[in-house]
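Side chains are part of it too, since the values below use all heavy atoms of this structure and drop only hydrogens, waters and symmetry mates.
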Amino acid sequence: MNSTQDLQYTWAGRFSEPVSDLVKRYTASVDFDQRMWRQDIRGSLAHAKMLARQGIITVSDLADIERGMTTITVEIENGQFQWSLDLEDVHLNIEKRLTTLVGDAGKRLHTGRSRNDQVATDIRLFLRDGIDGILALLKNFQIAILALAEREAATPMPGFTHLQIAQPVTFGHHMLAYFEMFLRDSERFTDCRKRVNRLPLGAAALAGTTYPIDREFVAAELGFDAVCENSLDAVSDRDFAIEFCAACALTMTHISRLSEELVLWMSPRVGFIQIADRFCTGSSIMPQKKNPDVPELARGKTGRVYGDLTALLTLMKSQPLAYNKDNQEDKEPLFDALDTVSDTLIIFADMMGGVTVKADALRAALKQGFATATDLADYLVKKGLPFRDAHEAVGRAVKAAEQKGVDLTELSLAELQAFSPQVALGEDVFAALTIEGSLAARNHIGGAAPEQVKAAIGRAKKRLG
Ligand code: ARG
């Protein structure tokens, strides 16, 4: 079959000359949208079944279509299917092959539908599977985060603000912060799925169709929750895809923040953790290097997912109703966001399982940063000093300790008393100033006390389901 014949097959009746090779390549999408072939066949089978039930095609046409689609499925799975650029996209390629295989029944398949509602249906089916995949991957990743949190629930580490040591937390507590972020990400995907899961078929090109179709039947066949209510909207908007990319972008934001911390923590200057060698690479020139390539790449790939979101937002803005060919450009960013997030989550689940925490380094850092200064202020407040005065007194104590090159706990009782003579500062102050004392005191829901962290892990496991 040559290109002129292929062209005749679809719309040659209206045209007097074929497009140039470049225009053909420019307008075709089959190279990338063939990825939706399973969804395309599934949607066509549901449509054909409905046409037969409604008496629009015969039962024998339906049987031919089903037989042809079975053959096509085998051909595509075995890599024998001949994808043709002349047939523009996945839809026309499959329809043409069907007609070659089964004759007129194949030509009747497109009754009462258009590629406009067909492609919108395929994308929604594809995305629904994609979301279900991501939700499963997110869950696995969170299980890995929780396992690490549980292992290090009571391991003290410095909590930072402004990248300066602020107060003690535990490594488990820190991991639980990421658990919360990724849980919200899965909620976003679950929510997005509700709006993805609507059936556009029946909208046809833009205005609906003159055949007595049964859209609810097709929706039920394909597992959609409902039909798209308006035919113009059904073929035109891709807000569900934008929403998906926005959820991907936020997930990558969280991945990127985690990556940044992993890179920082495994820098030899910090040395808080090690990640397994299989996630690192060496340097071609510096023999001593072990570079955290995976987290760095994930941080970098976050940018490309933002790009995917921006591409889709820009694609949609200013498009008049209803379908415009612009929309063919929705697929590559969508696929890219899906693939990037999926691969990242698979790798990160494995990588977090292989994190080794260096508890000694974490403790040593805590000792250098006056991390319990707030605890000293709180102690003075409990002895009756107003908080602002306590804050000032501790500020002076920190300055003195810094000048002496010691930690607050290394100041003598008399020295400490001198900073706040108004209150009865006793020996018990030293217990409040220890890392363990500081942690244990934050004993409320959401706080850093190891007891609370363990309880939070228990709840997190339940919330994960
Ligand atoms: N390949 C097209 C797409 O991805 C299918 C719809 C084409 N419709 C049309 N009227 N040109 O959007």
- R463 and E180 ion-paired at < 4.0 Å: yes
- Message: Tell me every residue that passes side-chain contact (heavy atoms from CB on, under 4.5 Å) with V119, counting only those two or more places apart in sequence or in another chain.
- Response: M36, H91, I123, R238, K331
- Within residues 298-324 or reaching into it, pairs that qualify as ring pair (Phe, Tyr, Trp, His ring centres under 6.0 Å) - sequence neighbours excluded: none
- Query: Which residue pairs pass the ring pair (Phe, Tyr, Trp, His ring centres under 6.0 Å) test when at least one of the two sits in residues 201-228, sequence neighbours left out?
  - Reply: none
- Message: Just to verify, what does H174 make a ring-ring contact (aromatic ring centres under 6.0 Å, His included) with, not counting sequence neighbours?
- Response: W265
- Message: My understanding is that only residues two or more places apart in sequence, or in another chain, count here; which of them pass ring-ring contact (aromatic ring centres under 6.0 Å, His included) with F141?
- Response: F182
- Task: Just grab all the salt bridge (Lys or Arg N to Asp or Glu O under 4.0 Å) pairs involving residues 188-206, residues at least two apart or on different chains.
- Result: D132-R193, D185-R188, D191-K194, D191-R195, R195-E243
- Item | Non-neighbouring partners of F335 that pass ring-ring contact (aromatic ring centres under 6.0 Å, His included), sequence neighbours left out | F126
- Message: Under the rule for ring-ring contact (aromatic ring centres under 6.0 Å, His included), what residues qualify as partners of F189, not counting sequence neighbours?
- Response: F244
- Charged N to carboxylate O under 4.0 angstrom, R38 versus E77? yes
- Task: Under the side-chain contact (heavy atoms from CB on, under 4.5 Å) rule, collect the residues that match up with Q164, sequence neighbours excluded.
- Result: none
- Item | Set of side-chain contact (heavy atoms from CB on, under 4.5 Å) partners for D293, sequence neighbours left out | T281, N291
- Message: Can you tell whether the side chains of K358 and E152 come within less than 4.0 Å, N to carboxylate O?
- Response: no
- Message: Other residues, nucleotides and ligands only: do more than 12 of their heavy atoms fall within 6.0 Å of CD on E451?
- Response: no
- Item | Check against salt bridge (Lys or Arg N to Asp or Glu O under 4.0 Å), E75 and R97 | CA-CA 10 Å; E75 287 176 353; R97 179 70 185 138; 2.6 Å; yes
Which donor-acceptor pairs under 3.5 Å do side chains of residues 338-346 form with protein atoms, sequence neighbours excluded?
from	atom 1	to	atom 2	distance (Å)
D339	OD1	R35	NH2	2.8
D339	OD2	R35	NH1	2.9
T340	OG1	D336	O	2.6
S342	OG	L338	O	2.7
T344	OG1	T340	O	2.6

- Task: With sequence neighbours excluded, tell me which residues meet side-chain contact (heavy atoms from CB on, under 4.5 Å) with D237.
- Result: D233, D239, M316
